[in-house]
Protein chains: 2
Amino acid sequence: MNIGQAADHTGLPEKTIRYYEDIGLVTPNRAANGYRVFGETALHQLNFLAKARGLGFSIEDCRNLLALYDDTARSSADVKAIAKAHVATIDQKIIELSAMRDTLSHLMKHCAGDNRPDCPILNELSQGK
Amino acid sequence: MNIGQAADHTGLPEKTIRYYEDIGLVTPNRAANGYRVFGETALHQLNFLAKARGLGFSIEDCRNLLALYDDTARSSADVKAIAKAHVATIDQKIIELSAMRDTLSHLMKHCAGDNRPDCPILNELSQGK
DNA sequence: CTTGACCTTCCATTAACTGGAAGGATTATA
DNA sequence: TATAATCCTTCCAGTTAATGGAAGGTCAAG
């Protein structure tokens, strides 16, 4: 399977697949003409990457998860630890974003949004620390 | 005021302040010895930037907001439009993160997290698209 | 007068790609 | 068979918003 098909099967852009090879996450074979050839293993890895990245795991997380995936003797605890840390990171981000959202919508509620120059949003932002 | 004091007053690292000057967000004066000199205006801008960035506005948003801030004839509607778009972006991110979180905690709930090699998280991630 | 703190510029790196150029290989069409 | 369209290759640069560090100038204290 060439890179185009691999892209279709995984939903990953070709560029991204080449990049993943570059950084050593996947190692497709090569045909005589230099084209990458993706076998079952490589496809599996790409699907794995697509899913894990879609869930927000970092590339380094993915590298670790792939290593665990290849290690048939791994313990599920190792995987769970990575997932747990990731959930905590996500929760933190959600908290921060929610705080931003609240502050902003509070400011917006007090902004007339008309043609006059007075703007509570800018007024607030221009306050010193 | 030198860059060190400016950093103290705004909470921004010196590196970041230099960077903001680089990309044209702030234009401090220069003393005879080449040191940056931050007057009231520059300090105001830096405080503005620190707050707006803290609320997640992008650098380009900040550039626009600063321009509006300098424009005494601006309408509050212009500012509100930027803020509104930003809130929508934040909401979208929160939705995506929440979905990730749900998927992951669902997977984790089904993972024993013990020493056995069977791991529902990896099993799920290894499923084809 | 020298030590340490503070300042300068410049270059490289981060994360995770994305865009595009230049050119070789393959496939479809005329 | 010619050629055009598509697919593939590598390599270089750019993105966001800084951050790290080197090499070196300046200043204030003792």
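Letters A, B, ... mirror the listed sequences (proteins, then strands); counts begin at 1.
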**Report entry** Cationic N near anionic O, under 4.0 Å, E96(A) to K93(A)
**Finding:** no

Requested in this report: Could you check which of dT8(C), dG20(D), dG20(C) has an atom nearest any side-chain atom of K15(B)?
Outcome: dG20(D)

**Report entry** Within-4.5 Å side-chain heavy-atom neighbours: R53(A) and Y20(A)
**Finding:** yes

Query raised in the report: So which heavy atom on G4(B) is nearest to which on E14(B), and how close?
Result: CA-OE2, 3.7 Å

Query raised in the report: Between CD1 of I121(B) and CG of L65(A), what distance do you get to the nearest 0.5 Å?
Result: 8.5 Å

Report task. Using atom CD of E21(A) as one end and atom P of dC17(C) as the other, report the distance to the nearest whole Å. Result -> 15 Å

Query - Spacing of N2(B) atom CG relative to dA28(D) atom P, expressed in whole Å - result: 9 Å

Report summary line: Rounded to whole Å, the CG-P distance (L49(B) to dA17(D)) equals 12 Å

Report task. Can you see which heavy atom on I17(A) is nearest to which on A6(A), and at what distance? Result -> CD1-C, 4.1 Å

Query raised in the report: Touch check for I23(B), heavy atoms < 4.0 angstrom, all strands: base, sugar-phosphate only, or nothing?
Result: nothing

Query raised in the report: Under a 4.0 Å heavy-atom cut-off, which of residues 28-37 of chain A touch DNA chain D?
Result: R30(A), G34(A), Y35(A), R36(A)

Query raised in the report: Which ones in residues 52-66 of chain A lie close to DNA chain D, meaning a heavy atom under 4.0 Å from one of its atoms?
Result: none

Query raised in the report: Would one find a side-chain N or O of Y20(B) under 4.0 angstrom from OP1 or OP2 of dA18(D)?
Result: yes

Report summary line: Between CG of L12(B) and C1' of dT19(D) the distance, given in whole Å, is 14 Å

Query raised in the report: Which nucleotide, dT18(C), dT8(C), dC8(D), lies nearest any side-chain atom of P13(A)?
Result: dT18(C)

**Report entry** D22(B) CG - dA12(C) P separation (whole Å)
**Finding:** 15 Å

Query raised in the report: What closest approach, in Å, do L55(A) and M100(B) show between heavy atoms, and which atom pair accounts for it?
Result: O-SD, 3.2 Å

Report task. Specify the separation, in whole Å, of atom CZ of R18(A) and atom P of dT18(C). Result -> 12 Å

Report summary line: Side-chain atoms of E14(A) come closest, of dG20(C), dA17(D), dC8(D), to dC8(D)

**Report entry** Phosphate contact (dT19(D) OP1 or OP2) by T16(B) side-chain N/O below 4.0 Å
**Finding:** yes

Query raised in the report: For D114(A) and S76(B), does a side-chain donor sit closer than 3.5 Å to a side-chain acceptor?
Result: yes

Query raised in the report: Do the charged groups of K15(A) and E21(A) touch, with an N to O distance under 4.0 Å?
Result: no

Query raised in the report: Between F48(A) and Y69(A), what is the ring plane arrangement, given parallel below 30°, perpendicular above 60°, and tilted in between?
Result: tilted

Query - Distance, rounded to the nearest Å, where Y19(A) contributes OH and dC8(D) contributes P - result: 21 Å

Query - d(CD1, I3(B); C1', dT9(C)) in whole Å - result: 12 Å

